[in-house]
Structures are given as structure tokens and as C-alpha cells.
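A short write-up of the structure that comes next.
Just so it is clear: chains get the letters A, B, ... in the order the sequence lines come, proteins before strands, and each one is counted from 1.
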There are 2 protein chains.
Amino acid sequence: MKKLSYTIKDIAVELGLSHSTVSRALNNHPHISQQTKDRVKELVEKSDYRHNAVAASLRNSKSKMVGLLVPRISMYFQSTVITAIQNKLHEHGYNLMVCQSNDSPEIEKELVNELFSSRIAGLIVSTTLYTTDFSHFDIFQRANIPLVFYDRVPKSHPAHKVLGDDYQGGYLSTKHLLEQGCRHIAHISGPLTCSIYRHRYAGYQDALAEFDVPLDPALVHFQELSKENAIKASEAVFALPVRPDGVFAGNDTTAIGVMQHAKQLGIAIPSQLKIVGYSNDPRAEIIEPSITSVEQFPYEMGEQAAILMLDLIMDKISPGRNLISLTTPIELVKRQSSCLQV
Amino acid sequence: MKKLSYTIKDIAVELGLSHSTVSRALNNHPHISQQTKDRVKELVEKSDYRHNAVAASLRNSKSKMVGLLVPRISMYFQSTVITAIQNKLHEHGYNLMVCQSNDSPEIEKELVNELFSSRIAGLIVSTTLYTTDFSHFDIFQRANIPLVFYDRVPKSHPAHKVLGDDYQGGYLSTKHLLEQGCRHIAHISGPLTCSIYRHRYAGYQDALAEFDVPLDPALVHFQELSKENAIKASEAVFALPVRPDGVFAGNDTTAIGVMQHAKQLGIAIPSQLKIVGYSNDPRAEIIEPSITSVEQFPYEMGEQAAILMLDLIMDKISPGRNLISLTTPIELVKRQSSCLQV
DNA sequence: GCTTTCTTTGCAAACGTGTGCATGCGTGAT
DNA sequence: ATCACGCATGCACACGTTTGCAAAGAAAGC
């Protein structure tokens, strides 16, 4: 009980065996007698010996760790996805190494290399808002290590993807506002370098076109979705000669910011202004009036990404050229902010 | 460009050097000529070689990975702490392996062993609600691997700790309600197996005593802090012959549940009932009326835990005897739910 | 009793990196 | 010419585990 670390050699000498026998006993190798296995496992149980995953990983060139690279851990959507991924991986004996890029492409690139250094079994990624060059991820594909993108995915980069139906989210939100009578719908969303915002914008455009409502560039804002930016954009659109009667926001933080600003201006919601947010943040149903939002089912999305990753690791998927792209459905949750009657 | 993994040997033969020279060149060893270092680094730059942290970790018995074990990732408090820890560790070249126990002591024990298996440089833990036996953590101390608990910490187990001032939080919350005139203050909180709830309860008791208000056992509920449980406890206390005029809730989810239930009963807030929550969840300031809550500064707490961990790893602060216990202050954020005037 | 077969175990190499020690080379002093 | 010395590099082993192969012993068939 005085050593700092114990190895299979220690228990081998203790039992008068070779370390190979101990290794095989612990791995339930069929050529080892039951008696020996029992002796080994009994001693291991009551000792401070713990399997050294580092040594095993080196020897096998196999790892039980999956990397996860996200822009920010503490956003509601992301932390729920992480929860799901962690639970699902743990079910299958895998661990998770979590890194955050803080939406900086430089940090992202650095972390990709660090994660590769750790010889992880696979990498799951949601990119930064500004990642347009995806070549730093290619090392994983060249090394034949599974790589799965989710939510924020590369534009035209060949890779496995799990994504929400952002086009449909944008389309349904805008259509809903149009059906509620809105004709001047502002769109305050994130930078178009990012896949999800491009798709939502496309849905917004198509819905407008369907209702023969012309797109007014003055009503469209794209920037990082902070509360401050939300208020700035809000000030801009409410200063226009024709005030908007609807807002489709890129997330719920923005929707909340717009709503609070509108309240200050004395604009009645939903009668004078209707608002739709995105992601169905817990705050959306708590605020008054409650905010209509697009549910993305982040837990299910995380599970899908994890399952896809596990399948890729286990080689259950033909390793050839077939790239998998899963789209998880969204659901428009209608609340008071956009409907006179709910 | 056809191999799957490259090693220092590959670039050694490419340059006509030995792998030891390459290793030393990459580590900036002083005995290697600048010319050789440049040649090595140039080739490494343009190749697919990446340092193998697994092999280095085995050779050095040193790791650049810190483990984090939390009950649930996606709670606001925890995900903020994780964000802080990850950022701080990354500043110093360390990575983070995140596991969640889902508040199950069995899973926690299992994960502690898995984390040890990965030969992490240190472990940061917030325990489950029900962990009363902490012996599964001892292996880290016996192996001289830094171990830091935060928030939910062991009762009388010798270990480094970073904790919020839960006693003060409980005391100030209750005192505030008393000062606002409440005399029948319900306390709906988490299981007393968990340190933080014990401390908050002690603060609650002391504040009551200070105002000569007797503790009414019927007003005190301890269970897992879900919304469902909040409503159940709420129903119980509002069915009492003397209705409570104040509620000190163990978290904001509970405070929200109580508030919504009270609204349904037609109880006016804050005039007939005053409510204080805990953790200052983003929802607390958004709901109407906004909820008074205890800010725990989770980002600062995470940073402190990470800094302490890094100090332990680097300085090897004599890990046996001097146990460090840091208490981060709290702040009562007064809002409409508890004050007639704000 | 001898050979074959099966069961159980040990030996030694390998994974990729880091490092103590030895080695070789060039320079300058004696 | 010899020696000492500093500099740059190579050799070989170690970290702890897994695994192909060999081997020893027992059981079984002739």
C-alpha cells in the first residue's frame, strides 16, 4: 500500500504468475483457467490496481474516448446536446472529452489538433459561427477516424452530418407570422457564414415569396446573437418609417431582447407585434407573453450524433464513400407572442 | 500520404536522423542545433504527423487531461462552471474530460474508476445528491493525484474544496423574507444528504431563531428539486391551516413551480406571498414577477476550482496535510417576488 | 509406452515517445 | 601530435499493456 501506481506485473508477482496471464485473465481470455481468473480478479478487487487505459490505448491503437468540439458549452441547446451525447457514449463504454472554441476559428483549429493528439476514437463537432475553411478537420478523415458534424455543419465539405431542419424552421416560422397577418416581418439572425442561419434565411425568403410579400433588406439583420445586438437591431427596425409587425429572431435571447425593447416602446404584443424565436429555450415559455419558438429536440439530436459516431467506430457502417446526413425534424411551438388566441 | 498514422520515426528516416533527435528537436532540447530544429519543424508542419499524447503520457507518467465529474451537465449552474473550468484549463494547455453521474452514486463510483483508468492529471468533482460514502475517491489521494471538490462536497472527508457560501445564502434569504414581514416561511429544498442543502437549511434555521420565529416542520420539505416535486410540496404547504407567507426555495426551478402554483390559487405575489429562489437562473429575472434569487457566481467558482487544480498539478502543494477550502461569496439579488418596492 | 491433442501458461515483441549515457566530431590549448 | 572539451547526435531502454508463438503438462487414443 505504499506504491503510487500498480501494474499487472505487481499482481503477477504477488500470485506467482506472468503478467501476460494476468492480462488475459482480466480480459476473460478463453485459454485461462477459471481458477486463475478467479484468483486474479479477487486480488485485483481488493488492491489499488486499476487498468491503465493509456498503455492499452497505445498498444492497441484504439481509444475509448470521443472528442466533442462545441462553440460554447453553456448555451441551452449545446449543453443539452452534450448531456445526450455523454449519456449515450457512456452506455457503450466510451468517454467524452469536451472542448469549446468560444466561436473563435483559431482556437477551433488548435483544439482539433490537440484532440487528434489525444488519439481519440472519433470527433463530434459543431463549428464556430465563422468557420469557412474546414481543412483542419481533414486530418481525421485521412487518418480514417470518424468525424461527425452536427447543427453547425460545413457548407460543401464532404462529411457525416446530423442537422436540424433549419430551412423548415425558417419557413414555418415565417409562414406562421404571415398567416397571423404580418406583412412587415423583420429577420434578426446570426451571421450567414454559419449554415443554420443561411438555411433559416432561405426558409424566410421562400415563405415571403409564397405570400407575395417583397423582401425588405432594411428588415434583415445578421450579427452575433447577443442581447446587446438584439436591442441594437431592434432599435434599427423600429425606427423605420413603416414599423415591422412581426419579428423572426435567430434565437430566443434575441426574441426576448426584441420583446423587452418593444415593451419599452409601448408596442403591444401580440396585437401590434408578433414574435417568433428559435431553439425553445426554457425562458421562452416562462416570459410573459410566452414566446413562440422552434423546438429543435436537442437531446434527440445529440443522441443521433452519438449513435452515428458509435456506428462509425464499430465499423457497422460501410466505410466507403457513402456520407450520411441525418436531418432531425423541428416543431413550431405556438405561444402567446404570435397568436391572439392560444 | 498513404499511411494512417505518422510517428517521429517516419520523419526521422525522411530526414536521415534518429527518432531521438526528432523528439528532442520538437521539444526544443538545447543540445540540438538550430538548423536541425528548423529542418524537423518545417517537415512536421507540412506533414500529417501529430504528436502522440498517448505515448508521451505513458512514457512520462504525466497527462495533460483533467477529469470533471458532475451530476448533470445541462443545469445552468453546472454548465457555467464547466465553461469556466474548460477555458481556464485550456489557457494552461490542459484538456477536460467531462462525465456526468446523473445523480446516481453507482454511476459516480464507476466513472471515478474509469477516470482513474485514463490516468488523468487531476479530478474535479461535484457529487451526486445522495453520495454519503466517499471512499471511492480515495484512490486518487493514495496515488497522489490532485482531487478537488466543488459545490457539492463531502461532509467530513479530508479533501480540497471550493464551495459557495450556502449557509450565508440560506441565512440572508430567510432574513430578507423575515425583514419583509414574513412569519410563516416554507423551505422547499433538496435532500439533506447533500452538503449545500444542509448548509442552506442551517442558515434558514438560524435566521428564524434570530427573529424568534419557531421552526414549523410542516413547512419544510426536502426532495429532488424537479418542477413536479415543487408543485407537490407547494400543494402540501398551501393546504395547511395557516398558509405560508414566504417561500425559500432550493433552486429557481422550484421557485418558479411554487410561483406558478400560487398564481393558480389566486395568491398575489409579493403582497400575499414572497418567494426567494437559488442560483439566479436566467429565468429568474425574466419571469413576472421577477424572482429574488441567490447569485452563486458559478463562472468565478469554476475558475477558482480550475486554478486550484492547476496549482496542485504544477506546484504539488503537499497533498496530504494542508487541505485547502475556498469559499466563494454569494449575493442576494432582490427582485419583485419578495419586495413590494424594487 | 508413445504419440497426438488439448489446456494452460510464459516469453518476447510491439505500440510511440522521452531520456541517460555513450559516441563522434571539431576546435583550441599545450 | 596529443589531450581536453563542448557540441550534436545516436543507441538502447523504459513506460504498461496486449498478443502471436512456443512450450509444458495433462489427458486421451493407439
So for [X] and [N], does any side-chain atom that can act as donor or acceptor lie under 3.5 Å from a complementary atom in the base?
X: A:H19; N: D:dT18; value: yes
X: B:R59; N: D:dG16; value: no
X: B:S33; N: D:dC7; value: no

Atom-to-atom span, [atom1] of [X] to [atom2] of [N] - whole angstrom:
X: A:L17; N: D:dT17; atom1: CG; atom2: P; result: 15 Å
X: A:R24; N: D:dT19; atom1: CZ; atom2: C1'; result: 6 Å
X: A:L58; N: D:dT18; atom1: CG; atom2: C1'; result: 11 Å
X: B:K9; N: D:dT9; atom1: NZ; atom2: P; result: 20 Å
X: B:Q34; N: D:dT9; atom1: CD; atom2: C1'; result: 16 Å
X: B:K37; N: D:dC7; atom1: NZ; atom2: C1'; result: 12 Å
X: B:K62; N: D:dA14; atom1: NZ; atom2: P; result: 19 Å
X: B:I32; N: D:dG6; atom1: CD1; atom2: P; result: 18 Å

Scan B:S5 against the nucleic acid and name what it touches under 4.0 Å (heavy atoms): base, sugar-phosphate only, or nothing.
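Answer is sugar-phosphate: B:S5 comes under 4.0 Å of backbone atoms only.
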Any base atoms under 4.0 Å from B:T36, or only sugar-phosphate, or nothing? Heavy atoms, all strands.
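It contacts sugar-phosphate atoms only.
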Taking atom types as modelled and ignoring hydrogens, do the side chains of A:H90 and B:Q100 form a donor-acceptor contact shorter than 3.5 angstrom?
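Not at all, the side chains of A:H90 and B:Q100 share no donor-acceptor pair under 3.5 Å.
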B:S104-B:N102 side chain donor-acceptor pair, cut-off 3.5 Å
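Looking only at side-chain atoms, B:N102 and B:S104 do not form any donor-acceptor pair under 3.5 Å.
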Is [X] close enough to [N] that one of its side-chain N or O atoms is under 4.0 Å from OP1 or OP2 there?
X: A:Y49; N: D:dT17; value: yes
X: A:H51; N: D:dT18; value: yes
X: A:T7; N: D:dG16; value: no
X: A:N27; N: D:dT18; value: yes
X: B:T21; N: D:dG10; value: yes

Between A:I8 and A:H31, which is nearer to the 5' end of DNA chain D once each is assigned its nearest nucleotide?
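The residue closer to the strand's 5' end, by nearest nucleotide, is A:I8.
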Report the residue (B:S18 or A:N52) whose heavy-atom-nearest nucleotide on DNA chain D is the more 5′ of the two.
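The 5'-side residue here is B:S18.
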Reported CG-to-OG distance for the pair A:N52 and A:S57, which is rounded to 0.5 angstrom
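A:N52 atom CG to A:S57 atom OG measures 9.5 Å (nearest 0.5 Å).
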In chain order, what residues pass the ring pair (Phe, Tyr, Trp, His ring centres under 6.0 Å) check against B:Y76, with sequence neighbours excluded?
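Residues passing ring pair (Phe, Tyr, Trp, His ring centres under 6.0 Å) with B:Y76: none at all.
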Tell me, please, the opening and closing nucleotides of DNA chain C, 5' to 3', among those with an atom under 4.0 angstrom from a non-hydrogen atom of chain B.
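That gives a stretch of C:dG16 to C:dG20.
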How are the rings of B:F149 and B:F134 set relative to one another: parallel (under 30°), tilted (30 to 60°) or perpendicular (over 60°)?
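The rings of B:F149 and B:F134 stand perpendicular, inter-plane angle above 60°.
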Should the heavy atoms of other residues, nucleotides or ligands under 6.0 Å from NZ of A:K41 be counted, would the total exceed 12?
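Check passes, neighbour count above 12.
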Kindly write out the residues that satisfy side chain to side chain contact (heavy atoms under 4.5 Å, CB included) with B:T21, not counting sequence neighbours, or none if the list is empty.
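With sequence neighbours excluded, B:T21 shows a side chain to side chain contact (heavy atoms under 4.5 Å, CB included) to B:L17, B:S18, B:I32, B:T36, given in chain and number order.
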Shortest non-hydrogen contact from B:M97 toward A:M65:
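In this case the closest contact between B:M97 and A:M65 is SD-SD, 3.6 Å.
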